[in-house]
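A short write-up of the structure that comes next.
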Amino acid sequence: LTGLCQFHNDKEPSFVITPSKNLWHCLGACQTGGTVIDFVMKAEGVSFRHAVEILRHGVKRGGQVRKVARIRILPSPVDLDADDETALSQVIEYYHETLKISGLALESLAKRGIKNEEAIDRFRIGYSNRTLGLRMPEKNRQAGLKIRERLERLGLLRESGHEHFSGSAVFPILDLGGKILGVYGRKINDHLRPGTPHHLYLPGPRKGIWNPEGAQGEEVILCEAIIDALTFWVNGIRNVTASYGVNGFTDDHLAAFKAGGVKRVYIAYDRDDAGDKAAATLAPRLIAEGFECVRVLFPLNMDANEFALASDPPD
């Protein structure tokens, strides 16, 4: 297929498309070519990642070539006049939809045994793939500055403009009514630059508990991390929640246990020095509050997720 090249003032057909290879090439003044992604990058004046997003959403071109994109082509997932609660919820929903189309993120969860669609939807699990900023107006525009400042205040964006949870599976902490009280992120790639944290939270104090429904009944399983708690949940054991790390049992956990009528707590922390020490410290505190405590003993140096993955069947 040949035609006029829109990247220069073409007088004769010089733009060649090869559908069988999904490639294009200009034989005229441009002397360039490439894939459909390269075409969108050149035509819209955007980055590789931005071009992929445009193609993914099937946005049709208007015909004008842009050296640099000044106005966002894709609609913002966050309403420009949204309040804090709404903006946070909309970002979490965007991450949730992003996870569903990200093979890499879904594969990472599946490798940990988390491939239950019910769980992904029930807990609004998402993935931050660094495209949120591509969907919002630039910060040199009033609307863009306003929404970016709001997301920075919420902790979703950093001062640099980068997403706080970039490259992470995202787990919102929801109350019984579905309101987002906090957010936990876990990097899906374990091969990170030295000093890069694998675990992230929104700035500020930890609020609420993950899966508060799991703390309503006589018994609750308390894990060290959300991935471990999810491992119980996807295998049919739903009376489970998680601390905010090895020393992250909060007053909100205690209040939820009391309000839910919990009588017995199974401490299912990792079976390592840190987990054993934290369990030994937490148990007397819970016993003093009137709870019976049981220590779940996994094989040495294993956690709930590792043990489940090594078991057949894990349930």
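- A side-chain contact (heavy atoms from CB on, under 4.5 Å) with T231 is found for one member of V240, I226, N305 and no other, namely N305.
- The ring-ring contact (aromatic ring centres under 6.0 Å, His included) check on F123 picks up W210, W233, with sequence neighbours excluded.
- Under a 4.0 Å N-O distance rule, the pair D251/R285 qualifies as a salt bridge.
- Looking at residues two or more places apart in sequence or on another chain, you find a ring-ring contact (aromatic ring centres under 6.0 Å, His included) between Y201 and Y184, Y244.
- Classification of R264 and E219 as a salt-bridged pair holds, one side-chain N sitting under 4.0 Å from a carboxylate O.
- Listed for the R206 side chain is a donor-acceptor partner under 3.5 Å among the backbone atoms of G204.
- A heavy-atom distance below 4.5 Å is found between the side chains of S243 and Y269.
- In summary, of the residues considered (V170, L174, I125), a side-chain contact (heavy atoms from CB on, under 4.5 Å) with I92 occurs for V170 alone.
- Between L109 and L99 there is a side-chain heavy-atom pair separated by less than 4.5 Å.
- Between D121 and K100 there is a salt bridge, with a side-chain nitrogen of the basic residue lying less than 4.0 Å from a carboxylate oxygen of the acidic one.
- A search for side-chain hydrogen bond (donor to acceptor under 3.5 Å, both in side chains) contacts involving N301 returns nothing, not counting sequence neighbours.
- Heavy atoms from other residues, nucleotides or ligands lying under 6.0 Å from CD of E97 number more than 12.
- R295 and D276 are joined by a salt bridge, as a carboxylate oxygen and a charged side-chain nitrogen come within less than 4.0 angstrom of each other.
- A donor and an acceptor atom, one from each side chain of T131 and N129, are located under 3.5 Å apart.
- Of the charged side-chain nitrogens involved, at least one lies within less than 4.0 Å of a carboxylate oxygen, so that K258 and E289 count as a salt-bridged pair.
- A donor-acceptor contact closer than 3.5 angstrom links the side chains of S89 and R124.
- Using a 4.0 Å cut-off between charged nitrogen and carboxylate oxygen, K111 and E107 count as a salt-bridge pair.
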